[in-house]
Amino acid sequence: MASNQTKLFYDIPLSVLDLAPIAEGSNAEQSFKHSVELAQHTEKLGFNRYWLAEHHNMPGIASSATSVIIGHIAGATKKIRVGAGGIMLPNHATLVIAEQFGTLESLYPGRIDLGLGRAPGSDQATAYALRRTLNRGAEEFQDQLEELQDYFEYNTSARVRAIPGEGLKIPIWLLGSSGFSAQLAAQKGLPFSFASHFAPDYTLPALKLYRENFKPSDVLQEPYAMVGVNVIAADTDEKAQWLATSQQQQFLSLIRGTPTQLKPPIENISEVWSPMEQAHIEKTLDSRSTIVGNPETVKRKLESFIKETNADEVIINSQIFYQEDRLRSYEIVAELFGK
């Protein structure tokens, strides 16, 4: 008989976070083809949901028109939940998001998730191009959230109605990399997804804040936390470490202020970064929430991650240059979970 810990490990739902990477020498068209292939692959493997993230002005990420690609992925799959991880709400008119996701839910009933973030998903100049003002703060985000929730209510007397949108039960999640969204999700009784995959130091404090302050709501009676993790799994540790240099190079380009397409793996990452850059990237891609290795290594570290965070669900990001290796990485994880 399996131990409680092992049973918990196997029972955790697995989901996919896709940044729709544009590999060096490729383009957005190929990225979207790869995303469809990955979504179909992970659906067959038994993954629970497939989320895409809003980013702008990044040569290596193709998911800027997030609701459009969500519809494309949902249309190419049959049952996996598809959603935003997330929509950066301050970039948009709330009514537009209600209509877009009302449309998606009407096209693919019972399969659409709406994860919301507060960051711009880009640099300040791009944020200004999207918003025309940068003075939207925490208070306005909460107002926008409440406005969005109101649009999804059925209210024929409202002066402005989201059609499609009103009356639809679209799950709203709050996303965060600090304590703000954890606290707001708890206050509103909403599910919470934490970006441990790039903010590992804040993971446990944010989850504690969420769980201790959670107030039951009409949509959720108990706290539900999904936690992000980077996983690069391969058949050997050596290959996994080699594949991981693509993600390391991606973060290196970001801290240098020169974002690039996703670069192919290299033999010696030490040749391209300084000791200070190495320390910065290794802090961001901490080994607790960036798991790289063969199946045994990945299993051991994922078990530890789930035990430490007490995650209700795990959402996995795998920034891997070669598509066949990305597919294989998710396959290895599914096999570890008995999918």
Side-chain angles (χ1 to χ4, degrees), residues 15 17 19 51-56 66 83-94 97-98 101 113-124 126-128 130-131 133-152 170-220 222-230 251 254 283-286 288-289 305 308-315 317:
S15 292
L17 177 62
L19 301 185
W51 278 10
L52 295 123
E54 177 185 345
H55 290 279
H56 300 278
T66 317
I87 291 291
M88 301 299 111
L89 193 55
N91 291 344
H92 308 277
T94 311
I97 298 304
F101 279 79
D113 295 326
L114 175 51
L116 300 173
R118 188 167 60 103
S122 190
D123 56 84
Q124 277 208 324
T126 308
Y128 178 75
L130 288 162
R131 303 178 183 181
T133 176
L134 297 180
N135 62 0
R136 289 181 173 174
E139 186 177 330
E140 185 163 350
F141 179 77
Q142 183 168 342
D143 291 342
Q144 281 190 289
L145 171 61
E146 291 169 358
E147 193 175 83
L148 182 63
Q149 290 176 309
D150 287 343
Y151 281 132
F152 287 135
I170 302 169
I172 293 177
W173 292 66
L174 292 193
L175 279 57
S177 57
S178 66
F180 173 82
S181 291
Q183 207 154 13
L184 185 57
Q187 177 189 328
K188 295 290 184 183
L190 295 173
F192 177 55
S193 182
F194 189 80
S196 179
H197 58 294
F198 65 80
D201 288 347
Y202 298 101
T203 304
L204 297 182
L207 293 174
K208 185 172 186 285
L209 195 62
Y210 171 63
R211 289 169 176 143
E212 289 184 352
N213 293 280
F214 183 85
K215 296 178 181 177
S217 68
D218 291 342
V219 297
L220 201 61
E222 296 180 348
Y224 190 93
M226 180 163 65
V227 187
V229 60
N230 298 306
F251 273 83
L254 289 175
K283 182 176 174 61
T284 303
L285 301 177
D286 185 282
R288 292 168 297 175
S289 54
F305 178 81
E308 184 180 28
T309 61
N310 197 26
D312 297 295
E313 188 167 341
V314 171
I315 187 163
N317 172 48

Sub-4.5 Å side-chain heavy-atom contact between Lys283 and Asp201: yes

Shortest non-hydrogen contact from Phe194 toward Leu207: CB-CD2, 4.5 Å

Side-chain donor/acceptor of Glu54 to backbone N/O of Met88, under 3.5 Å: yes

Nearest heavy atoms of Gly117 and Pro90, plus distance in Å: O-CD, 3.5 Å

Reported CD1-to-CZ distance for the pair Ile172 and Phe101, which is rounded to 0.5 angstrom: 10.0 Å

Heavy-atom donor-acceptor pair, Ser217 side chain to Gly189 backbone, under 3.5 Å: yes

Side chain proximity check, Glu313 to Ser15, heavy atoms < 4.5 angstrom: yes

Which atom of Leu19 lies closest to which atom of Ala53, heavy atoms considered: CD2-CB, 3.6 Å

Straight-line distance of Leu17 CG to His197 NE2, nearest 0.5 Å: 5.0 Å

Pairwise side-chain contact, Gln144 with Ile97, heavy-atom cut-off 4.5 Å (strictly under): no

Side chain to side chain contact (heavy atoms under 4.5 Å, CB included) evaluation trace for His56 with Asn91: CA-CA 11 Å; His56 300 278; Asn91 291 344; 4.0 Å; yes

Verdict with supporting geometry, Gln149 and Val219, side chain to side chain contact (heavy atoms under 4.5 Å, CB included): CA-CA 12 Å; Gln149 290 176 309; Val219 297; over 6 Å; no

Donor-acceptor contact below 3.5 Å, side chain Glu308 vs main chain Leu204: no

Arg118 versus Phe180, closest heavy-atom pair with distance: NE-CD2, 3.0 Å

Ring geometry between Trp173 and Tyr224 (parallel below 30°, tilted from 30 to 60°, perpendicular above 60°): perpendicular

Leu175 and Trp51: CA distance, side-chain angles, deciding distance, side chain to side chain contact (heavy atoms under 4.5 Å, CB included) verdict: CA-CA 12 Å; Leu175 279 57; Trp51 278 10; 4.1 Å; yes

Heavy-atom closest contact (Phe152 atom, Ala98 atom, distance): CE2-O, 3.7 Å

Heavy atoms of other groups near Tyr202 OH, more than 12 under 6.0 Å: no

Heavy-atom side-chain proximity of Val314 to Thr309 below 4.5 angstrom: no

Donor-acceptor pair, side chain of Asp113 and main chain of Pro171, under 3.5 angstrom: no

Minimal non-hydrogen separation, Pro223 against Asp312, with atom names: O-OD2, 3.8 Å

Distance (rounded to the nearest 0.5 Å) between Leu145 CG and Lys188 NZ: 6.0 Å

Separation between CG of Leu52 and CD1 of Ile87, rounded to the nearest 0.5 Å: 9.5 Å

Donor-acceptor contact below 3.5 Å, side chain Glu147 vs main chain Thr94: no

Check: Asn230 main-chain N/O paired with Asn317 side-chain donor or acceptor under 3.5 Å: no

From Phe198 atom CZ to Asp286 atom CG, the distance as rounded to the nearest 0.5 Å: 14.0 Å

With Lys215 via side chain to side chain donor-acceptor pair (under 3.5 Å) - residues at least two apart: none

Polar side-chain atom of Ser289 near backbone of Ser196 as donor-acceptor pair, under 3.5 Å: yes

With Phe251 via ring-ring contact (aromatic ring centres under 6.0 Å, His included) - residues at least two apart: none

Distance in Å, Leu184 CG paired with Gln142 CD, rounded so as to fall on 0.5 Å steps: 5.0 Å

